[in-house]
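All remarks here apply to the structure that follows.
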Amino acid sequence: MIAVIAIDGPSASGKGTVAKAVAEQLGFYYLDSGALYRITAYCAKQRGISELEESRLNAMLQSLFIEFKHHEVYVDNHLVSEAIRSEECGQLASKVASLKLVREALLSLQRGFCRPPGLVADGRDMGSVVFPEAILKVYLTASPEVRAQRRYNQLINKGISANIMNLLQDIIERDRRDQTRTESPLIQLADAHYLDTTALSIEESVSQVLHWFHDSIQ
Ligand code: DC
């Protein structure tokens with residue numbers, strides 16, 4: 001049995017930062033499943049495929065060579081780490097992520113990340129669909145206002161201009177889409193620990209997850 005920690009939650013909640021730090025501390029692998037939906041959106045846009053063309057998107061995914069190495073993301077040997085992080089890509093990712101064939105095409109790829117000694121996976125359906133056997137499930141969230149502020153700070157630090165009200169609107173819209181879709185919606189599972197990071201630092205959030213993990217393997 002390989003230990004999996006599934007961290008699900010809405011966009012810009014900080015789950016990626018927390019999941020990465022937990023993985024580092026435990027020496028586990030890390031899966032950023034959102035990056036796969038962002039890659040799908042990015043490559044579709046480049047090829048002129050719309051978010052409505054489910055079978056073309058599926059065919060495209062069968063032909064892509066996706067690699068995560070040295071903290072970077074490559075598609076067909078091209079570095080895309082930064083390009084897939086844009087707000088536009090996030091919104092489009094949320095749209096293609098509602099398609100059944102897209103989710104199916106990405107399923108085995110995601111499960112392939114589960115290797116010894118363990119995995120920390122973050123996304124929307126890690127605990128419900130991809131790794132239902134996870135030893136620890138966490139639903140990590142924060143208020144929409146705090147999430148918009150965190151995303152704003154991230155963009156400004158990267159030298160990208162941003163408007164906080166637009167970011168808040170995008171977050172609310174993405175939450176609604178990710179939580180109400182038919183295919184693998186973001187839900188708070190009954191067996192998941194609830195972690196509201198609105199008033200917590202990254203360190204406090206990481207140590208809470210590690211505490212739950214150590215409890216779960218006792
Ligand atoms: O976590 P993120 O913001 O990088 O994810 C981008 C979009 O991808 C998100 O709005 C919904 C989708 N997604 C998903 O449907 N399932 C996942 N496991 C991860 C992301």
Side-chain angles (χ1 to χ4, degrees), residues 4-20 22-23 29-45 51 54 57-58 61 66 68 71-73 75 80-114 119-132 134 137-142 144 146-148 150-152 154-155 158 162 167-189 192 195 197:
V4 176
I5 300 178
I7 304 184
D8 290 304
S11 59
S13 55
K15 59 191 185 320
T17 309
V18 172
K20 234 180 274 172
V22 169
Y29 286 95
Y30 165 61
L31 166 63
D32 169 10
S33 64
L36 297 172
Y37 292 94
R38 287 172 179 270
I39 287 169
T40 310
Y42 176 76
C43 294
K45 177 129 200 273
E51 72 268 21
E54 189 164 3
L57 287 167
N58 182 28
L61 280 173
I66 300 173
F68 290 84
H71 305 291
E72 302 286 1
V73 189
V75 177
V80 297
S81 316
E82 273 302 311
I84 62 169
R85 291 287 140 210
S86 71
E87 283 305 297
E88 187 198 359
C89 210
Q91 283 291 346
L92 191 53
S94 165
K95 289 179 186 162
V96 297
S98 65
L99 304 172
K100 191 176 180 1
L101 290 182
V102 166
R103 303 201 74 85
E104 280 174 5
L106 294 175
L107 198 55
S108 61
L109 193 60
Q110 294 174 82
R111 290 192 173 142
F113 279 78
C114 187
L119 174 73
V120 183
D122 94 58
R124 305 294 186 289
D125 61 343
M126 297 298 98
S128 57
V129 176
V130 184
F131 302 109
K137 299 179 186 180
V138 177
Y139 185 88
L140 191 153
T141 189
V146 163
R147 289 190 275 137
R150 288 176 185 166
R151 177 57 54 83
Y152 178 82
Q154 249 175 17
L155 292 170
K158 282 190 202 161
L167 290 174
L168 180 59
Q169 266 319 107
D170 284 356
I171 279 176
I172 292 169
E173 191 186 327
R174 198 125 71 90
D175 282 0
R176 188 199 48 75
R177 197 182 301 114
D178 294 345
Q179 289 167 349
T180 59
R181 67 182 180 219
T182 315
E183 297 299 325
S184 316
L186 169 66
I187 47 166
Q188 197 194 324
L189 299 168
L195 183 57
T197 68

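Note that ligands are numbered from 1 as they come in the structure, with each ligand's atoms numbered from 1 the same way. What you are looking at is a predicted structure, and each value in this text was computed from that prediction instead of being measured. Just so you know, these numbers use all the heavy atoms, side chains as well, and skip hydrogens, waters and symmetry mates.
- Of all protein heavy atoms, the one closest to atom 16 (N) of ligand 1 is Arg103 NH2, 3.0 Å.
- Nearest to atom 19 (C) of ligand 1 among the protein's heavy atoms is Ser33 OG, 3.4 Å.
- A distance-only check finds a donor-acceptor pair linking the side chain of Asp8 to the backbone of Asp125 [under 3.5 Å].
- Between Asp178 and Arg124 there is a salt bridge, since at least one side-chain N of the basic residue sits less than 4.0 Å from a carboxylate O of the acidic one.
- Under the 4.0 Å criterion applied to side-chain N and carboxylate O atoms, Arg176 and Asp170 are not assigned as salt-bridge partners.
- For atom 9 (C) of ligand 1, the nearest protein heavy atom (residue, atom name, distance) is Arg124 NH2, 3.3 Å.
- Under 4.0 angstrom from ligand 1, the non-hydrogen atoms of Arg174 all belong to its side chain.
- Atom numbering of ligand 1 starts at 1 in the shown order; those under 4.0 Å from a heavy atom of Lys15 are 1 (O).
- Residues Leu61 and Leu57 form no side-chain contact, since every pair of their non-hydrogen atoms from C-beta on lies 4.5 Å or further apart.
- The shortest heavy-atom distance from Arg181 to ligand 1 is under 4.0 Å.
- For atom 13 (N) of ligand 1, the closest non-hydrogen atom of the protein is Tyr37 CD1, 3.6 Å.
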I'd like to know whether Thr197 forms a side chain to side chain donor-acceptor pair (under 3.5 Å) with Arg150, so could you lay out the CA-CA distance, the side-chain angles of the two residues, the decisive distance to 0.1 Å, and finally the verdict.
CA-CA 12 Å; Thr197 68; Arg150 288 176 185 166; 3.1 Å; yes
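- Protein heavy atom closest to atom 4 (O) of ligand 1, with residue, atom name and distance, is Arg38 NE, 2.7 Å.
- Only side-chain heavy atoms of Met126 come within less than 4.0 Å of ligand 1; its backbone N, CA, C and O stay farther off.
- Short contacts between ligand 1 and Ala97, defined as distances under 4.0 Å to a heavy atom of the residue, involve ligand atoms 12 (C), 15 (O).
- Under a 4.0 angstrom heavy-atom cut-off, Arg177 registers as lying outside contact with ligand 1.
- Each of the atoms 9 (C), 10 (O), 11 (C) of ligand 1 lies under 4.0 Å from some heavy atom of Asp178.
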